[in-house]
K.L.:
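I have a structure I would like to understand better, so I am pasting it below and will then ask my questions one at a time.
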Amino acid sequence: MQEDVHLRRNESPEEKNMPTKMERKLGLLGQSGSIAPKTMKEKKGMKRILKSKFEEFLEMDTKDACAEEDLEMERRLAKKLKLKDGKLRGMDDEMDMLLDGIPSVLDSFNKGEVPDANQFPIEEEVKDATSDKKHKKKKSSKESPEDGNVDVMGAISELQESSGAEQRAHDAEAVLQETSKKEPAVASSIKYVAPHLRSCAGNESEEHIQIRRRIRGLLNKLSESNVESITGEIATIFRSTIRSASTQIIIDEVLAACSGGPRGNEQYAAVFAAFVAGLTCSVGMDFSAKFMALLAKAFEDECLKEDHISLRNLTLLLSYLCIFGVCSSDLIYDFLIMLSKRLREIDVSTILTVLNCCGMKIRSDDPTAMKNFIQSVHNRVNELKAASVEGQANINGKRMEFMLETIFDIKNNKKRPKEETAPHGRIKKWLQKLRVEEILIRGLKWSKLLDPDNKGQWWLSGGMAAKTDNVQEVANTIDKDVLEAQRMLQLASSQRMNTDARKAIFCIIMSGEDYIDAFEKLLRLDLVGKQDREIMRVVVECCLQEKIFNKYYTTLASKLCEHDKNHKFTLQFCIWDHFKELESMQLLRSMNLAKFIAEMIGSFTLSLAVLKSVELSDVTQLTPKRIMHFRMLFEALFEYPDEVIWNSFTRVAVTPELETLRHGIEFFIREYVVKTNKALANKFKISKKALNNTEGSTHVSWRKWLLCLVKAKFCSPPTVA
């Protein structure tokens with residue numbers, strides 16, 4: 001204070017009257033008495049009278065009074081701002097902890113020091129803003145010098161704003177430095193997620209999320225009435241995106257809907273199985289193969305959880321996949337045998353579900369496999385009987401007893417009432433239009449579905465995964481297949497199969513496992529134009545080349561004629577062509593041809609009208625070889641029961657155009673068949689009465705007739721000599 005007074009004494013009068021920088025900052029003007037404001041007279045140029053010693057003494061006393069006034073004003077401000085010991089009272093907002101150790105402008109003023117500009121690293125923008133605010137404050141104070149009160153609040157808020165701006169800038173720089181240090185650590189912690197695992201990790205793309213929602217909405221509306229339209233919509237979605245992603249999404253949604261669907265609802269499972277079959281016809285067999293693989297995995301997972309509802313729903317879905325032709329009965333039998341080896345309570349329930357749903361179908365597909373399954377169950381039951389008391393208790397349970405009763409009913413061909421469900425005719429017609437028989441996957445095993453090392457087109461029949469321990473076995477199998485194919489081609493050439501179409505048809509017929517396998521492969525042949533006529537000609541030729549007559553060919557021919565009437569007309573023309581060659585035909589070929597025609601007439605695939613091209617009543621045309629051929633034909637036909645003979649001859653009794661044929665048949669049987677074999681006299685009477693049955697009514701025991709055709713259904717495939 002004394003230093004300040006000393007300095008001011010040495011100043012000129014004009015400089016003394018000017019307020020100092022600190023006084024302007026604190027706004028201590030007017031009443032403080034240190035410097036009096038300029039009056040109107042001074043502004044007009046009036047000279048100020050110099051102060052005397054007494055006036056200077058009075059000013060010194062006034063300074064003490066002003067100091068007391070300043071302290072009083074500071075107390076009022078502290079009370080108004082709720083300050084206590086330099087800190088805000090009330091709730092602690094932890095700002096003091098953040099600002100601890102940071103120098104303040106006020107602290108520098110209190111110590112009498114001038115803060116250095118480098119001590120506060122403030123950005124240029126902050127400095128400019130602060131200087132603008134100070135300039136505005138100064139300007140406002142100059143514009144209103146006549147105010148009686150001192151603007152202390154403005155001065156203090158100005159200082160606080162300047163120090164706060166400096167502090168915020170300093171904190172912002174510190175935060176930026178810390179963030180820049182942490183960024184590499186965050187980037188290094190991010191890990192790559194494979195595409196097929198992104199949905200599980202919650203990283204599925206927005207596009208796939210929208211596709212999943214749309215497919216889920218369509219599946220929620222799925223029913224037997226709209227399965228065709230919804231399958232078409234989902235097939236369109238399938239083709240519009242990545243194949244692997246769309247396959248995974250659809251399979252996940254179908255399995256989730258079926259697993260958590262209504263308990264044991266067969267209609268619900270049938271509709272979803274039909275959807276899978278229809279979509280497979282549209283997009284390819286790989287979809288159904290991957291679907292069954294994930295279905296098997298889901299079944300095993302639910303089996304560990306022992307969730308009976310989910311297991312039953314998944315089992316029904318698998319059963320209806322077999323019914324609608326997506327998978328063969330081989331997979332179902334392998335599944336049942338796997339369950340029979342464990343034969344726990346949950347396995348017994350699953351076996352019952354399969355047998356009640358598709359038991360009769362798989363029995364008709366493969367009776368031998370059904371016999372093996374029954375034997376497996378029988379062996380496991382014996383093992384449980386010889387085991388502990390707990391095993392015997394499981395055997396004596398009602399569920400086990402009901403399962404054994406169901407197995408024996410299926411074995412004895414007794415249809416249970418529960419199997420008489422809706423045939424799903426509408427769905428089957430729709431799938432037949434889509435040619436569902438072309439997507440049937442054969443040769444699959446349950447263990448193959450669960451194999452985690454499946455690669456490529458693992459679902460194709462005959463495909464074997466080459467591992468280190470069976471490379472030699474795979475090589476030997478391939479060599480055998482190549483040798484067999486070469487042998488088939490050589491045999492086809494020797495049998496006058498001189499075109500590529502005939503060679504392909506011949507190889508399929510001779511290498512078929514049974515007539516159904518050959519029939520399905522023949523349908524998948526891409527024959528152009530009239531090449532399909534070659535199928536029936538090759539079938540007849542193969543039959544005539546056999547050393548011993550084989551009903552395999554007649555059953556296959558009947559199946560083809562049933563599927564397409566054009567094959568029936570082709571067969572008639574083929575037989576007529578062979579009738580022209582009877583004179584030069586070998587006796588073995590003639591005998592096989594006679595038995596072939598008799599089988600086709602006895603199965604009602606052809607009628608006796610096929611003989612209308614032959615004059616059986618014209619003795620001049622009946623050469624010894626012709627007589628021998630047609631006698632063998634009628635003798636083979638008379639081996640059938642009386643009901644079949646009656647119906648076979650009645651079919652040509654009504655048509656007036658076949659009157660000549662009827663007389664010729666009666667004449668030939670009487671002269672060349674009955675006279676040489678008297679035992680056939682009764683058969684001749686039945687046939688003669690049937691030929692004269694102009695009413696056309698048939699009297700037949702259909703039960704006996706079906707029993708006669710059982711042989712044709714379970715005949716063995718041909719043996720290549």
K.L.:
Between atom CG of Leu449 and atom CG of Leu318, what is the distance when rounded to the nearest 0.5 Å?
P.N.:
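Those atoms lie 8.5 Å apart.
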K.L.:
Identify the two heavy atoms, one from Ile362 and one from Cys322, that lie closest to each other, and give their separation to 0.1 Å.
P.N.:
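Looking at all heavy atoms of both residues, the closest pair is CG2-SG, 4.2 Å.
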K.L.:
Locate the shortest heavy-atom distance separating Ser340 from Phe373; write the atom from each residue and the value.
P.N.:
CB-CE1, 4.2 Å
K.L.:
Begin from the C-alpha positions of Val326 and Ile441 and carry the test side chain to side chain contact (heavy atoms under 4.5 Å, CB included) through to its verdict.
P.N.:
CA-CA 7 Å; Val326 177; Ile441 301 179; 5.7 Å; no
K.L.:
Measuring from atom CZ of Arg312 to atom SG of Cys357, what distance do you get when rounded to the nearest 0.5 angstrom?
P.N.:
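Rounded to the nearest 0.5 Å, the CZ-SG separation comes out at 9.0 Å.
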K.L.:
Would you indicate whether the side-chain heavy atoms of Asn313 and Ser259 approach each other to under 4.5 Å?
P.N.:
no
K.L.:
Do the non-hydrogen side-chain atoms of His567 and Glu562 ever get within less than 4.5 Å of each other?
P.N.:
no
K.L.:
For the side chain of Thr241 and the backbone of Phe238, is there at least one donor-acceptor N/O pair under 3.5 Å apart?
P.N.:
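A pair under 3.5 Å: no.
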K.L.:
To check you understand the geometry: which heavy-atom pair defines the closest contact between Leu222 and Val227, and what is its length?
P.N.:
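Scanning both residues completely, I find the closest heavy atoms to be CD1-CA, 3.8 Å.
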K.L.:
Evaluate the side chain to side chain contact (heavy atoms under 4.5 Å, CB included) criterion for residues Ile250 and Phe287: first the C-alpha distance (whole Å), next the side-chain angles of each, then the deciding distance (0.1 Å), finally the verdict.
P.N.:
CA-CA 10 Å; Ile250 295 173; Phe287 176 79; 3.8 Å; yes
K.L.:
Would you please say whether a donor-acceptor pair under 3.5 Å links the side chains of Glu224 and Trp430?
P.N.:
no
K.L.:
What is the minimum heavy-atom distance between Phe291 and Leu321, and which atoms define it?
P.N.:
CE2-CD1, 3.9 Å
K.L.:
Atom CG of Leu450 and atom CZ of Phe299: how far apart are they, to the nearest 0.5 Å?
P.N.:
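Spacing of CG (Leu450) from CZ (Phe299) equals 10.0 Å.
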K.L.:
Can you find a heavy atom in the side chain of Cys303 that is under 4.5 Å from one in the side chain of Leu311?
P.N.:
yes
K.L.:
Where the side chain of Asp347 meets the backbone of Arg344, is there a donor-acceptor pair that is under 3.5 Å apart?
P.N.:
yes
K.L.:
Using distance alone, with no hydrogens and no angle criterion, decide if Ser223 and Asn226 have a side-chain donor and acceptor under 3.5 Å apart.
P.N.:
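The criterion, which ignores hydrogens and geometry beyond distance, is satisfied for Asn226 and Ser223.
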K.L.:
Determine, using ring centers only, whether Tyr320 and Phe272 are less than 6.0 Å apart.
P.N.:
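Judged by ring-centre distance (under 6.0 Å), Phe272 and Tyr320 do not meet the cut-off.
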K.L.:
May I ask you to test the Leu314-Glu302 pair for a side-chain heavy-atom distance under 4.5 Å?
P.N.:
yes
K.L.:
Would a distance-only check, ignoring hydrogens and angles, find a side-chain to backbone donor-acceptor pair under 3.5 Å from Asp334 to Asp330?
P.N.:
no
K.L.:
Is the shortest side-chain heavy-atom distance between Leu556 and Ile516 below 4.5 Å?
P.N.:
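SC-SC contact between Leu556 and Ile516 ruled out.
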K.L.:
Check the surroundings of atom CG in Asn220: do more than 12 heavy atoms from other residues, nucleotides or ligands lie under 6.0 Å from it?
P.N.:
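Above 12, so yes.
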K.L.:
Report the C-alpha distance between Val254 and Leu295 in whole Å, list the side-chain angles of each, state the deciding distance to 0.1 Å, and finish with yes or no for side chain to side chain contact (heavy atoms under 4.5 Å, CB included).
P.N.:
CA-CA 10 Å; Val254 171; Leu295 173 62; over 6 Å; no
K.L.:
Among Arg212, Arg213, Gln248, find the residue that satisfies the side-chain hydrogen bond (donor to acceptor under 3.5 Å, both in side chains) test when tested with Glu253.
P.N.:
Arg212
K.L.:
Is it the case that more than 12 heavy atoms not belonging to Ile242 sit under 6.0 Å from its CD1 atom?
P.N.:
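Atom CD1 in Ile242 is not packed in, count stays at 12 or less.
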K.L.:
For Lys341 and Ser376, work out which heavy atoms get closest and say how close.
P.N.:
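Distance-wise, the nearest heavy atoms are CG-OG, 4.4 Å.
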K.L.:
Could you walk me through whether Ile249 and Asp252 pass the side chain to side chain contact (heavy atoms under 4.5 Å, CB included) check?
P.N.:
CA-CA 5 Å; Ile249 290 173; Asp252 290 344; 5.8 Å; no
K.L.:
Could you state the interatomic distance from CG (Leu355) to CZ (Arg363), rounded to the nearest 0.5 Å?
P.N.:
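The CZ atom of Arg363 is 12.5 Å from CG of Leu355, to the nearest 0.5 Å.
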K.L.:
For Glu345, does the CD atom have more than 12 heavy-atom neighbours from other residues, nucleotides or ligands under 6.0 Å away?
P.N.:
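For Glu345, atom CD is not crowded (no more than 12 foreign heavy atoms under 6.0 Å).
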K.L.:
Atom CD of residue position Glu300 - does it have more than 12 heavy atoms of other residues, nucleotides or ligands inside 6.0 Å?
P.N.:
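Above 12, so yes.
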K.L.:
With the side chain counted from C-beta on, respond yes when Ser328 and Leu440 share a heavy-atom pair under 4.5 Å apart, and no when they do not.
P.N.:
yes
K.L.:
Indicate yes or no for a side-chain donor-acceptor contact from Ser364 to the backbone of Lys361 under 3.5 Å, with no hydrogens or angles considered.
P.N.:
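Indeed, once roles are kept as given, a pair shorter than 3.5 Å links the two residues.
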K.L.:
Using a 4.5 Å cut-off on heavy atoms from C-beta on, say whether the side chain of Met400 contacts that of Leu343.
P.N.:
yes
K.L.:
If you measure from CG on Leu317 to CD on Glu266, what distance do you get to the nearest 0.5 Å?
P.N.:
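Result: 12.5 Å between the selected atoms.
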K.L.:
According to the interplanar angle, ranging from 0 to 90°, do the rings of His563 and Phe519 count as parallel (below 30°), tilted (30 to 60°) or perpendicular (above 60°)?
P.N.:
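Answer is perpendicular, since the angle exceeds 60°.
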K.L.:
Set out, in order, the CA-CA distance, both residues' side-chain angles and the distance that settles salt bridge (charged side-chain N to carboxylate O under 4.0 Å, His left out) for Asp301 and Lys305, then state yes or no.
P.N.:
CA-CA 7 Å; Asp301 294 341; Lys305 300 176 184 177; over 6 Å; no
K.L.:
Would you call Arg442 and Glu520 a salt bridge, using N to O less than 4.0 angstrom?
P.N.:
yes
K.L.:
Would you find a donor on one side and an acceptor on the other, under 3.5 Å apart, between the side chain of Ser282 and the backbone of Ala235?
P.N.:
no
K.L.:
Is the closest side-chain heavy-atom distance between Asp286 and Arg243 below 4.5 Å?
P.N.:
yes
K.L.:
Identify the two heavy atoms, one from Ala274 and one from Ile427, that lie closest to each other, and give their separation to 0.1 Å.
P.N.:
CB-CG2, 3.4 Å
K.L.:
Tell me whether Glu438 at atom CD has more than 12 heavy atoms from other residues, nucleotides or ligands lying less than 6.0 Å away.
P.N.:
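More than 12 within 6.0 Å, yes.
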K.L.:
Any chance you could measure Leu523, atom CG, to Lys559, atom NZ, to the nearest 0.5 Å?
P.N.:
9.5 Å
